[in-house]
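Down below is the structure, laid out as structure tokens.
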Amino acid sequence: MLLEWILLLTLSGVCLLVYMMYRAGNDHIEEQTIQVDAENSGKRLRIFFISDIHNRSIKEETVNRAVNVDIVVIGGDLVDKRTSVAKLETNLRLLARLDAPIYFVPGNNDHELGKEPVTAVLNRHRIEVLSNEDTAGESRGGTPFVLTGLDPYFLKPRRSTELAASSHLRILCVHDPFVYYQMNREEKMKYDLVLSGHTHGGQIRLFGMGPWGWSRVSSIPHFVSEGYGTSLLPLRLGTRAECHVIEVVGNVKDISKKLS
């Protein structure tokens, strides 16, 4: 009887381990529309958002499902100490197939790439690194936007684009959501949308609780992705390996009012 119980527990453990490995490697790509103002002026910005890739290889079929995006935002932890430069460059070439500008906001593990700085590889692939910087652009449909990358890891000084007299969608990406939570309310109110990662949704999550998904902070929509890859072991339970197509829709607000 004892032997039967041991065999049953062993089999259950193996099944659970296989399931957790499956969850870690089974991609989910969600498309969501976010209204950032009460009145819809018809202006739109489609963002492909992916964070916490770590040591995973991005799947070609996943990238192929993200169509007609205006920009690609990598929300940190693109690599870790396990990642080779060859794997990183393969992932970057896949993301380039989306035929949209690619922006990278550093995470806490991005210092760990072994042979050369991750920023050097990104520069080679013409990917813009936003380390405490703003960048301005337009969607395919002509919607102006400003993307801000907040970076407490590489510790570059803050460089702000002079946009006080213009109307843009203001998007903030900060890898760790808790860095955003610590900002004062005036700073939070400068943005229309905030994107984060870092938490992996807990990676091993019980009872559905953890820092992930959509919320509103000072009325601003804030999204925390569960991330695409994993740290340490490639296992997930109660979380998903995910990336996102987020369509921002609504009235473009006057930055000069928000910055005053």
Side-chain angles (χ1 to χ4, degrees), residues 9-32 47-63 65-66 72-84 87-88 90-92 94-95 104-114 118 149-153 172-182 194-215 217 221-246:
L9 290 173
T10 301
L11 180 60
S12 298
V14 170
C15 290
L16 179 61
L17 184 64
V18 170
Y19 174 73
M20 292 169 72
M21 293 177 66
Y22 166 78
R23 293 286 292 183
N26 184 39
D27 289 7
H28 290 264
I29 178 168
E30 291 192 345
E31 184 166 342
Q32 296 156 308
I47 305 168
F48 180 77
F49 179 57
I50 187 168
S51 72
D52 300 280
I53 299 170
H54 286 279
N55 195 41
R56 274 200 75 188
S57 295
I58 300 174
K59 293 182 178 180
E60 182 176 359
E61 56 268 32
T62 299
V63 172
R65 291 170 58 194
V72 176
V73 179
I74 304 171
D77 282 2
L78 172 59
V79 299
D80 61 29
K81 61 186 177 182
R82 302 167 295 174
T83 311
S84 67
K87 178 179 286 188
L88 168 60
T90 298
N91 283 341
L92 296 178
L94 269 176
L95 292 176
F104 167 76
V105 178
N108 55 295
N109 290 115
D110 289 309
H111 285 285
E112 298 175 5
L113 189 66
V118 66
L150 187 59
D151 171 19
Y153 309 109
L172 171 67
C173 182
V174 52
H175 178 65
D176 186 342
F178 297 104
V179 174
Y180 173 65
Y181 298 152
Q182 292 169 0
V194 181
L195 303 173
S196 298
H198 184 61
T199 69
H200 299 198
Q203 193 166 313
I204 308 297
R205 189 173 72 217
L206 301 177
F207 310 116
M209 301 182 67
W212 62 285
W214 287 97
S215 62
V217 179
H222 181 201
F223 181 65
V224 181
S225 174
E226 295 184 9
Y228 189 76
T230 58
S231 57
L232 300 177
L233 298 176
L235 303 173
R236 283 185 179 270
L237 183 65
T239 62
R240 305 189 304 187
E242 62 181 18
C243 50
H244 317 271
V245 175
I246 301 171

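- The CG atom of Asp151 sits 10.5 Å away from atom NE2 of His175, with the distance rounded to the nearest 0.5 Å.
- Every side chain to side chain donor-acceptor pair (under 3.5 Å) that Arg82 has, sequence neighbours left out, goes to Asp80.
- For the atom pair CG of Asn91 and CD1 of Ile74, the computed distance is 9.0 Å after rounding to the nearest 0.5 Å.
- Residues Ser225 and Thr199 share a closest heavy-atom pair of O-OG1, 4.1 Å.
- Remark: Asp52 CG to Ser196 OG distance equals 10.0 Å, nearest 0.5 Å.
- Pairing each heavy atom of Phe104 with each of Gly76, the nearest pair is CE1-CA, 4.4 Å.
- With contacts defined as side-chain heavy-atom distances shorter than 4.5 Å, the pair His28/Glu226 does not qualify.
- Residue Ala24 comes nearest to Ala241 through the heavy atom pair O-CB, 3.5 Å, listed as atom of the first residue, atom of the second, then distance.
- Closest non-hydrogen pair, Val179 versus Pro152, comes out as CG2-CG, 4.1 Å.
- At a threshold of 4.5 Å between non-hydrogen side-chain atoms, the residues Leu17 and Leu235 count as touching.
- Of the possible donor and acceptor atoms, none in the side chain of Lys87 sits under 3.5 Å from a partner among the backbone N and O of Val79.
- You'll find the side chain of Glu242 stays beyond 4.5 Å of the side chain of Asp27, heavy atoms only.
- By the 30° and 60° cut-offs, the orientation of the rings of His54 relative to His200 is perpendicular.
- To the nearest 0.5 angstrom, Ile58 atom CD1 is 10.0 Å from Thr90 atom OG1.
- Residues Ile204 and Met20 meet the side-chain proximity criterion, which asks for heavy atoms closer than 4.5 Å.
- With hydrogens and angles ignored, the 3.5 Å screen pairs a side-chain donor or acceptor of Asp110 with a backbone N or O of Asp77.
- No side-chain heavy atom of Val105 sits less than 4.5 Å from a side-chain heavy atom of Val174.
- Formation of a donor-acceptor pair under 3.5 Å by the Arg56 side chain with backbone atoms of Thr230 is not found in this model.
- If you take CG on Leu78 and CD1 on Ile53, they are separated by 5.0 Å, rounding to the nearest 0.5 Å.
- Contact check for Thr62 versus Leu94: no side-chain heavy atoms found under the 4.5 Å cut-off.
- Of the inter-residue distances, the one linking Phe49 atom CZ with Glu30 atom CD reads 13.0 Å to the nearest 0.5 angstrom.
- Across all non-hydrogen atoms, the minimal contact from Arg23 to Thr239 is NH2-O, 3.0 Å.
- No more than 12 heavy-atom neighbours from other residues, nucleotides or ligands sit within 6.0 angstrom of CG on Leu232.
- Considering only heavy atoms from C-beta on, His198 stays 4.5 Å or farther from Ser51 through its side chain.
- In this structure, Gly229 and Arg236 approach most closely via the heavy-atom pair O-NH2, 2.9 Å.
- Taking the side chain as every heavy atom from C-beta outward, Asp176 and Asn108 never approach each other to under 4.5 Å.
- Tyr153 and Asn109 form no side-chain donor-acceptor contact under 3.5 Å, judged by distance and modelled atom types alone.
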